[in-house]
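Have a look at the structure below before the remarks.
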There are 2 protein chains.
Amino acid sequence: MAVGSASDKTGRLEVRPEEHAALVDGRPLSLTVRELQLLVTLWSNPQRILTREELHTSVWGTPPRRDDRSVDVYVSRLRAKLGAALPDQKLIYTHNGIGYRFSPDG
Amino acid sequence: MAVGSASDKTGRLEVRPEEHAALVDGRPLSLTVRELQLLVTLWSNPQRILTREELHTSVWGTPPRRDDRSVDVYVSRLRAKLGAALPDQKLIYTHNGIGYRFSPDG
DNA sequence: TACCCGTGTTTACAGGTTTTTCACAACTCT
DNA sequence: AGAGTTGTGAAAAACCTGTAAACACGGGTA
C-alpha cells in the first residue's frame with residue numbers, strides 16, 4: 001500500500017477525507033457535509049476521548065456556545081446512519097460529562 | 001520515551017489527565033469525572049498525605065463545608081473501582097483525622 | 001411567485017447517569 | 001466503653017445525553 005495514503009479501513013468502514021467520502025463494504029454512505037466532518041474528526045483520533053469543545057471547534061470552526069447541543073445532535077445522526085449500514089457494530093462511545101470516542105474495536 | 005510525557009505508570013495503573021483517562025493494564029477504567037479528578041489529584045502527589053480540604057479544593061474547586069463527606073464518598077467509590085481492576089493492590093491509605101495518601105508502593 | 005427538498009440549526013422533553021446528601025455501620029484511639 | 005472518625009449503601013436532587021420535531025434557508029423546478 002502506498003505510503004501516505006489518507007484513506008483507511010476500520011473493519012468494513014473506510015473513510016476518505018480527500019474524497020469527501022465514507023464507505024461501508026465499498027458502498028458510499030450518504031452523509032451530509034457536517035456528518036462527514038464529524039466522522040472524519042472522530043475517525044482521525046481513534047480511541048481518544050474528544051471533548052465537545054474539540055469536536056465543535058473541529059467541525060464548526062469555533063468553540064460551542066453555552067448549551068449548544070449540535071455536537072450531540074450530529075453524533076446521533078451519524079450513529080443512525082452508521083448503525084443502518086453496520087447494525088452489529090458500536091463505533092462511537094459516549095463519555096459522560098466529557099465527550100465522545102471513536103473506537104473501531106471494542 | 002519522549003521527555004515531558006504527561007502520562008505515567010504506577011505499576012499497572014496509568015493515569016492520563018489530558019486524555020481524561022485512567023488505565024489498568026492498558027484497559028480504561030470507567031470513572032466518572034469526579035472520580036477521575038480525585039484520582040488525578042491523589043496520583044499527582046504520591047506518598048503525600050492530602051487533607052480533605054486539599055482534596056475537596058482540588059476536585060470541587062472550593063473548600064468543603066462543615067461536615068461535608070463527599071471526599072470520603074468518592075474515595076470509597078474510587079477504591080471500589082481500583083480494587084475491582086487491581087484486586088491485590090492497596091493504593092489509597094487513610095490517615096485518621098487528616099486525609100488520604102496515594103501510594104503506588106507499599 | 002409558489003412549492004418541494006435537502007441540509008443545517010435550534011428547541012424540547014424523556015430517559016439515563018452522576019453527584020449530593022443522609023443514615024447507619026464499622027473502625028480507631030484513648 | 002465512649003467519643004470521634006471513616007466506610008458505604010441508598011435515596012434524592014442535579015445534571016447530562018439521545019433524539020424527534022420545529023424552524024430557517026437556499027436551490028431547483030413548475
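Labels below follow one simple rule: chain letters A, B, ... track the order of the sequence lines, proteins then strands, and each chain is numbered from 1. Excluded from the calculations below are hydrogen atoms, water molecules and symmetry mates; all remaining heavy atoms, backbone and side chain alike, are included. Because the structure is predicted, anything quoted here is derived from the model rather than measured.
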Opening and closing nucleotides of DNA chain C in contact with chain A, under 4.0 Å to non-hydrogen atoms: C:dT7 to C:dT18
Sub-4.5 Å side-chain heavy-atom contact between A:D68 and A:W60: no
Listed pairs, N/O of protein and of nucleotides 19-28 of chain D, under 3.5 Å:
unit_1 : atom_1 : unit_2 : atom_2 : d
D:dT19 : OP2    : A:S76  : OG     : 3.4

Interatomic distance where NE2 belongs to B:H56 and C1' belongs to D:dT6 [whole Å]: 16 Å
For atom CG of B:N96 and atom P of D:dA3, their distance in whole Å: 17 Å
Nearest heavy-atom neighbours spanning A:A21 and A:L36: N-CD2, 3.9 Å
Gap between atoms CG and P, on A:D68 and D:dC16 respectively (whole Å): 15 Å
B:E53 backbone acceptor or donor facing B:T57 side chain under 3.5 Å: yes
Backbone N/O of B:I92 and side chain of B:R79: donor-acceptor pair under 3.5 Å: yes
Cationic N near anionic O, under 4.0 Å, B:E18 to B:R16: no
NZ/NE/NH1/NH2 to OD/OE distance under 4.0 Å, B:E19 and A:R48: no
Rounded distance (Å) that lies between atom P of D:dT8 and atom CG of B:L82: 13 Å
Joint cluster assignment, A:L42 & A:V24, ILVMFWY side-chain distance < 4.5 Å: yes
Partner set under side chain to side chain contact (heavy atoms under 4.5 Å, CB included) for B:V33, not counting sequence neighbours: A:I98, B:Q37
